[in-house]
Amino acid sequence: TWQADLTMQRLAWGEPFVYINPRDAAKRGIKEHDWVRVFNDNGHVRVRARIHPALTPGQLILPQGNEMVQFEGRRNFQAPILVHINPAQLVQYGHLRFVPNYWGPTGSNRDTRAEIEKI
């Protein structure tokens, strides 16, 4: 929505990525900037790995709301997330039409179990 704003452009990394704990990365043979697949029974997404020691082992963070066109197969960072919808957010506005896993009601974004593997 705000991608034309200069401040927001300066915050963007240019491509989707996931933060992973160094010990978890080492166990899986993942190095900084490797392509990885984050997946579970709900879906998967292909992103770059960023090693970050501040994460608790077992934790992954996909920190940016990247555009769907940046992902292989037009998936996005929400693909593995099972969204619990707040019905109040289903109200349609004249200029907005919701599309599942792209533009829609907000769900909980930090409660999904997922696995990660090097591609």
Side-chain angles (χ1 to χ4, degrees):
T1 302
W2 300 99
Q3 66 188 22
D5 180 73
L6 186 58
T7 302
M8 295 306 288
Q9 289 175 357
R10 288 181 177 145
L11 293 173
W13 285 87
E15 66 182 345
F17 65 91
V18 62
Y19 286 124
I20 182 172
N21 175 278
R23 283 186 274 172
D24 291 338
K27 273 193 248 177
R28 292 164 176 83
I30 297 170
K31 294 186 174 66
E32 181 78 15
H33 209 60
D34 280 348
W35 282 106
V36 296
R37 185 173 79 107
V38 178
F39 65 96
N40 60 20
D41 291 343
N42 298 319
H44 69 274
V45 65
R46 181 182 158 208
V47 294
R48 295 278 190 174
R50 290 189 159 251
I51 312 300
H52 203 296
L55 271 67
T56 302
Q59 180 183 22
L60 300 171
I61 296 180
L62 288 141
Q64 302 242 329
N66 299 90
E67 290 294 319
M68 190 166 70
V69 296
Q70 292 180 275
F71 294 90
E72 178 184 45
R74 296 183 65 83
R75 290 180 173 85
N76 73 8
F77 66 98
Q78 293 181 5
I81 299 171
L82 181 61
V83 178
H84 301 283
I85 295 174
N86 176 351
Q89 294 182 342
L90 291 173
V91 176
Q92 295 288 319
Y93 300 94
H95 64 295
L96 296 177
R97 293 289 178 256
F98 296 133
V99 178
N101 276 344
Y102 185 61
W103 184 267
T106 306
S108 176
N109 64 352
R110 296 189 187 264
D111 67 346
T112 301
R113 290 186 181 269
E115 184 54 77
I116 185 170
E117 67 183 4
K118 184 176 176 177
I119 295 177

Using a 3.5 Å distance criterion without hydrogens, assess whether the side chain of D24 forms a donor-acceptor pair with backbone atoms of G58. yes
If the condition is side-chain contact (heavy atoms from CB on, under 4.5 Å), which residues does P53 pass it with, not counting sequence neighbours? P22
Using the test side-chain contact (heavy atoms from CB on, under 4.5 Å), find all partners of K118 that sit at least two apart in sequence or belong to another chain. I30, D34
Who are the side chain to side chain donor-acceptor pair (under 3.5 Å) partners of R28, not counting sequence neighbours? E115
List for me each residue that meets side chain to side chain donor-acceptor pair (under 3.5 Å) alongside E32, sequence neighbours excluded, and say none if there are none. none
Only counting residues at least two apart or in another chain, list the ones meeting salt bridge (Lys or Arg N to Asp or Glu O under 4.0 Å) with R48. E15
Mind checking ring pair (Phe, Tyr, Trp, His ring centres under 6.0 Å) for H52 and listing every partner two or more places apart, or none if nothing turns up? Y19
With rounding to the nearest 0.5 Å, note down the distance linking [atom1] in [X] to [atom2] in [Y].
X: I116; Y: N40; atom1: CD1; atom2: CG; result: 12.5 Å
X: N21; Y: L60; atom1: CG; atom2: CG; result: 9.5 Å
X: L62; Y: R50; atom1: CG; atom2: CZ; result: 12.5 Å

Say whether V18 and I51 are linked into one hydrophobic cluster, either directly or through other cluster members, by side-chain heavy-atom distances under 4.5 angstrom. yes
